[in-house]
Amino acid sequence: MKKPEMKVKPIKNGTVIDHITANKSLHVLKILGLPSEDITVTIAMNVSSKESKQKDIMKIENRELKTNELDKIALISPNATINIIRDYEIIAKNKVSFMDELESIIKCTNPKCITNTNEPIEPKFHLLKTSPILLRCHYCERLIKATDIDMQF
């Protein structure tokens with residue numbers, strides 16, 4: 001029996017985001033400002049998984065993600081894992097995690113919130129729950145659900 005070939009080639013250096021919630025990889029692309037001319041991105045969508053029925057996987061060559069990018073990914077895909085690759089080897093593997101407070105990541109959905117006026121105030125949210133995600137605006141106390149977050153990306 002012939003050994004199955006890998007559908008996606010390994011990357012030498014960069015980041016692999018695994019266990020992205022199925023069909024959310026395009027949101028992750030938008031969060032990361034990808035694609036760009038100098039970075040190669042490979043996406044596999046609706047891949048079978050042991051942990052969940054389906055998942056997306058993203059390989060980003062020659063780029064390691066910043067903390068604020070990981071915070072945003074956690075809002076879109078709370079079970080994602082981040083693998084840092086150097087010389088074709090995984091040197092670090094971590095799950096995304098939530099901060100107790102999130103700043104400047106999303107906007108408050110309350111049009112009357114002070115963060116949606118001309119005042120120079122950045123949005124700030126407190127994490128109330130992770131499954132499903134529930135945030136509370138620091139300023140107007142509006143509750144933000146996962147579906148409200150999805151609409152912003």
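Only a predicted model underlies this, so the values are computations on that prediction, with no experimental measurement involved.
Between the side chain of Ser77 and the backbone N or O of Thr21 there is at least one donor-acceptor pair closer than 3.5 Å. With hydrogens and angles disregarded, no donor-acceptor distance shorter than 3.5 Å links the side chain of Asn13 to the backbone of Glu61. Judged by distance alone, with hydrogens and angles left aside, the side-chain atoms of Asp71 form no donor-acceptor pair with the main-chain N or O of Leu102 at under 3.5 Å. For Lys59 (side chain) and Lys9 (main-chain N/O), a donor-acceptor pair under 3.5 Å exists by modelled atom type. Side chain of Asp56 to main chain of Ile43: no donor-acceptor pair is present (N/O by atom type, distance under 3.5 Å, no hydrogens or angles).
No path of Ile, Leu, Val, Met, Phe, Trp and Tyr side chains, each step under 4.5 Å between heavy atoms, connects Leu134 with Leu75, placing them in separate hydrophobic clusters. Under a hydrophobic clustering in which Ile, Leu, Val, Met, Phe, Trp and Tyr are joined whenever their side-chain heavy atoms come within less than 4.5 Å, directly or via other members, Ile82 and Ile39 fall into the same cluster. Cluster annotation: Met58 is not connected to Tyr88 through the hydrophobic network of ILVMFWY side chains, with a link wherever side-chain heavy atoms come within less than 4.5 Å. Ile73 and Ile90 fall into different hydrophobic clusters, where Ile, Leu, Val, Met, Phe, Trp and Tyr residues are linked whenever their side-chain heavy atoms come under 4.5 Å apart, directly or through other members. Each of Ile57 and Leu32 belongs to its own hydrophobic cluster when Ile, Leu, Val, Met, Phe, Trp and Tyr are linked at side-chain heavy-atom distances under 4.5 angstrom.
With values rounded to the nearest 0.5 angstrom, Leu143 atom CG is found 10.0 Å from Cys108 atom SG. Atoms NZ and NZ, on Lys30 and Lys72 in that order, are 11.0 Å from each other to the nearest 0.5 Å. Atom OG of Ser104 and atom NZ of Lys124 lie 10.0 Å apart (nearest 0.5 Å). Atom-to-atom distance recorded for Arg63:CZ and Asp38:CG is 9.5 Å, nearest 0.5 angstrom. Atom CD1 of Ile105 is separated from atom CD of Glu69 by 11.0 Å, given to the nearest 0.5 angstrom. The distance from atom CG of Leu26 to atom CD1 of Ile31, rounded to the nearest 0.5 Å, is 11.0 Å.
With Val47 as the partner, the side chain to side chain contact (heavy atoms under 4.5 Å, CB included) test is satisfied by one option alone out of Gln54, Lys55, His19: Lys55.
The environment of NZ in Lys107 is sparse: at most 12 heavy-atom neighbours from other residues, nucleotides or ligands sit within 6.0 Å. More than 12 heavy atoms of other shown residues, nucleotides or ligands fall within 6.0 angstrom of atom CE in Met45. Around the NZ atom of Lys95, the shell of radius 6.0 Å holds more than 12 heavy atoms that belong to other residues, nucleotides or ligands.
When all heavy atoms are compared, the tightest approach of Asn46 to Ala22 is OD1-CB, 3.6 Å. The nearest pair of heavy atoms linking Asn116 to Pro111 is CB-O, 3.8 Å. Between Pro78 and Ile133, the closest heavy-atom pair is CG-CD1, 4.4 Å. Of all heavy-atom pairs between Cys137 and Cys113, the closest is SG-SG, 3.7 Å.
Two residues are said to be in side-chain contact when any heavy atoms from C-beta on lie closer than 4.5 Å; Ile84 and Thr15 meet this criterion. Lys112 is not listed as a side-chain neighbour of Arg142, based on a closest heavy-atom distance of 4.5 Å or more. Counting heavy atoms from C-beta on, the side chains of Tyr139 and Pro123 never come closer than 4.5 Å.
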>> Quick one, Ile17 with Leu65, criterion side chain to side chain contact (heavy atoms under 4.5 Å, CB included). Give me CA distance, side-chain angles, the key distance, then yes/no.
In response: CA-CA 10 Å; Ile17 309 171; Leu65 302 182; 3.8 Å; yes

